[in-house]
Asks: 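Could you have a look at this structure, given as structure tokens, before my questions?
Proteins come first, then strands; the chains are lettered A, B, ... in the order of their sequence lines, and each starts at number 1.
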Amino acid sequence: MARPPPSFKTLIHRQNPPRTIQNPNPQIRTLGGGSEEFVQTHHQSKLEGLTQIAKEVSKVIRTRPRWERTLISDYPSVNFLDPQFFHEILKQQNNAFLSLRFLYWLSSANHGFVPDKLLCSVIFDSLVEAKATNAAKSFLGFVDFTPQPDSLERYIRCLCENCDNRSIEEALSVFDYLKEFGFCPALETWNSALFGSVQAGKIDVVWKLYGEMMDNGIVGDVDTVEYLIQAFCIDNNVSKGYELLRQVLEDGFVPSNVAFNKLISGFCKDGKYSSVSALLHTMIAKNCRPDIYTYQEIIHNLCKRGVWREGFRIFNDLKDRGYAPDRVMYTTMIHCLCEMKRIGDARKLWFEMVRKGILPNEYTYNALIYGLCKVGYIEDAKELYKEMCCRGYKETTVSYSTMISGLCLHGRTEEACELFQEMDEKGIARDIITYNSMIQGLCKELKIRESMNLLDELLEKGLQPSASTYTSLIEKLCEMEDLDKAKILWRDMQNRGIEPAVCTYDFIITGLSNKGYVAEGMEWLNAMLKSGLRPQQQTFERLIQCLSRADKLDEVILVLDYMFNVGYVLRKSICQDVVDRLCDKNSLQTLHIETCLGFIMQKEITAPEVF
DNA sequence: TTAGGGTTAG
């Protein structure tokens with residue numbers, strides 16, 4: 001994997017060096033030449049005639065839907081295969097798509113037109129200018145033509161603006177093609193490739209590209225720095241990004257708010273609020289006023305970490321200071337209040353937003369629907385869902401999953417099942433969250449077979465299960481003492497490389513204990529502790545109870561020891577149970593019992609009060 | 001209206 005560059009000391013120069021690497025590929029260098037010569041060999045009068053007909057034909061192509069069927073019979077005297085005529089059409093049309101359609105028609109088997117390189121070049125450039133990258137790509141596949149490096153650079157930049165993975169892949173492959181032929185793209189193109197890679201989350205590619213930039217003697221600018229800072233943040237290396245920021249600030253360059261906001265967001269995620277504060281001060285000192293995006297990052301992250309009061313305080317404070325929260329900001333705050341079950345406050349914000357003329361969108365609707373479901377106002381949630389649909393917002397995987405999980409949470413599993421079916425009928429994709437919510441709901445009602453069917457179904461569909469997919473299934477199987485099936489699921493999870501939720505161990509240990517398989521329970525407990533996981537107190541207690549009932553006193557002492565080491569204290573009821581059990585034994589074991597009791601008493605005194 | 005931000009389980 002490519003590593004981030006070790007130093008940025010010489011990253012920015014005011015003036016970029018000239019592009020010294022020349023294209024050694026004669027094929028690329030000669031493309032597109034000869035147009036002047038071409039034009040000069042024809043008479044002016046012929047040109048005027050062609051122009052007139054091209055005007056008419058262009059109009060036909062523009063306005064008549066099925067012009068392909070009649071064009072030749074309508075203009076029997078026109079030689080459509082004359083390249084010069086096509087050039088005239090291009091001039092008249094000034095529409096890349098129509099020209100391309102005309103070219104495809106002319107080139108089809110019946111007509112057999114072969115466009116010259118100049119024509120290809122004009123069409124390709126106009127497609128790129130119209131940002132029609134898909135058409136440009138299909139055009140390249142259709143003709144035997146390689147655009148000039150400058151055209152390819154524009155194509156790369158256009159592809160990188162698209163921000164989707166396929167475009168970025170294509171851009172990078174064209175980029176590699178240029179480099180292969182020794183052509184060194186301009187800084188603007190390097191930057192757009194960096195931008196595209198950042199957008200696509202391809203951080204390896206960012207470092208690779210940056211390494212190549214340095215190798216080629218290309219010196220970045222403030223945009224380059226911005227993309228590198230973003231790359232560091234995505235790589236969870238926020239402090240390295242901050243270091244880079246400080247370096248360029250020292251050199252007198254100030255990146256845009258985007259870079260600052262990414263760093264702030266990264267520090268918020270890490271809970272490093274002193275760095276957030278320092279960054280806010282730096283922004284103000286550098287005349288970059290923290291904007292709505294800056295505060296939205298802060299509020300969003302505070303709420304995610306459960307510090308909703310502080311988030312709400314900042315939100316209200318911003319309004320007092322004259323910031324106008326927008327729809328996203330309102331949605332973030334409403335969602336956060338919903339998460340905290342502050343449904344009254346969330347509703348107030350909703351109406352405040354509407355009063356200000358900001359219309360809720362699908363995100364806002366889903367956030368409040370989620371909140372209403374969470375507190376059990378299912379009817380209100382349904383009502384709002386209807387309103388959302390009436391307003392023209394489409395039902396989505398998220399909207400359905402929100403309702404399904406809300407219904408399941410409040411025991412209305414049948415209604416959830418109906419919605420689950422409806423999704424299929426309406427062609428709305430179910431994702432792993434939809435399945436997990438439904439599986440949880442069904443498990444709660446002990447409908448294990450239905451849940452297992454859903455697990456099979458999601459696997460068949462090629463969805464990647466998560467730990468939650470298995471958690472409730474294993475929990476219920478253990479509760480129902482079907483330990484064999486629970487263990488099969490456990491192994492299945494492990495084979496798929498899914499890290500089980502910690503509580504899954506607890507369920508299995510408790511299940512084994514309840515079934516009297518205490519030795520195996522001990523094995524699982526040991527495995528759990530060895531992995532540094534913390535069992536729940538009830539897990540220890542249940543195992544201790546079952547061990548003591550099975551007269552396994554040594555193991556009781558061992559588990560008690562583990563439990564105290566983890567930091568739990570022995571509750572009275574369990575203590576009583578164990579002591580009763582010990583005192584029940586015959587006199588031969590008196591000495592041993594005394595030792596045990598002594599051990600318990602001693603630990604009881606020294607164990608920490610609260611954990 | 002430069003970019004950059006928001007919704008579903010556990």
Asks: Over all strands shown, is A/S466 touching base, sugar-phosphate only, or nothing at heavy-atom distances under 4.0 angstrom?
Replies: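 A/S466: base contact, heavy atoms under 4.0 Å.
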
Asks: Give one of base, sugar-phosphate or nothing for A/M403, where a contact means two heavy atoms less than 4.0 Å apart.
Replies: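 Answer is nothing: A/M403 stays at 4.0 Å or more from every strand.
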
Asks: Consider the side chain of A/V398, meaning its heavy atoms from C-beta on, and name the nucleotide among B/dG6, B/dT8, B/dG5 that approaches it most closely.
Replies: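 Closest of the options to the side chain of A/V398: B/dT8.
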
Asks: Report yes or no: is there a donor-acceptor pair, N or O only, under 3.5 Å between the side chain of A/S401 and the base of B/dT8?
Replies: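 Present.
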
Asks: How long is the gap from NE2 on A/H281 to NZ on A/K286, to the nearest 0.5 Å?
Replies: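 That separation rounds to 14.5 Å.
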
Asks: Between B/dG6, B/dG4, B/dG5, which one does the side chain of A/N261 approach most closely?
Replies: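 Of the candidates, B/dG4 comes closest.
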
Asks: Which nucleotide sits closest to the side chain of A/T331: B/dG5, B/dT8, B/dG6?
Replies: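 Within the option list, the nearest is B/dG6.
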
Asks: Once you apply a heavy-atom cut-off of 4.0 Å, does A/Q199 come out as touching a base, just sugar-phosphate, or nothing?
Replies: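 Sugar-phosphate contact only - A/Q199 comes under 4.0 Å of backbone atoms but never of a base.
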
Asks: So A/Q296 and A/D326, do their side chains get closer than 4.5 Å, heavy atoms only?
Replies: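 Sidechains of A/Q296 and A/D326: no contact.
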
Asks: Which nucleotide in the list B/dT7, B/dA9, B/dG5 gets nearest to the side chain of A/S468?
Replies: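 The nucleotide sitting nearest to the side chain is B/dA9.
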
Asks: Would you mind telling me which of B/dG4, B/dG6, B/dT8 lies closest to the side-chain atoms of A/Y363?
Replies: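 The closest nucleotide is B/dG6.
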
Asks: Which nucleotide, B/dG10, B/dA3, B/dG6, lies nearest any side-chain atom of A/S256?
Replies: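 Looking only at heavy atoms from C-beta outward on A/S256, the closest nucleotide is B/dA3.
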
Asks: Among B/dA9, B/dG6, B/dT7, which nucleotide sits nearest the side chain of A/H335?
Replies: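 That would be B/dT7.
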
Asks: Where the side chain of A/H300 is concerned, which of B/dG6, B/dA9, B/dA3 is the nearest nucleotide?
Replies: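 Looking only at heavy atoms from C-beta outward on A/H300, the closest nucleotide is B/dG6.
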
Asks: Can you find a donor-acceptor N/O pair under 3.5 angstrom joining the side chain of A/N361 to the base of B/dG6?
Replies: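 It does, because a donor-acceptor pair links the side chain of A/N361 to the base of B/dG6 below 3.5 Å.
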
Asks: Using a heavy-atom cut-off of under 4.0 Å over every strand shown, decide if A/Q296 touches base, sugar-phosphate, or nothing.
Replies: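 It contacts base atoms.
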
Asks: With heavy atoms under 4.0 Å as the rule, sort A/Y370 into base, sugar-phosphate or nothing.
Replies: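 Contact class for A/Y370: sugar-phosphate only.
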
Asks: Testing the basics here: between A/V206 and A/L194, what is the closest heavy-atom pair and its distance to 0.1 Å?
Replies: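 Nearest heavy atoms, A/V206 then A/L194: O-CD2, 3.7 Å.
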
Asks: Just compare B/dG5, B/dA3, B/dT8 and give me whichever is closest to any side-chain atom of A/V258.
Replies: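 The listed nucleotide nearest to A/V258's side chain is B/dA3.
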
Asks: Looking across every strand, which nucleic acid part, if any, lies under 4.0 Å from A/S405 by heavy atom: base, sugar-phosphate, or nothing?
Replies: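 The residue A/S405 makes sugar-phosphate contact but no base contact.
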
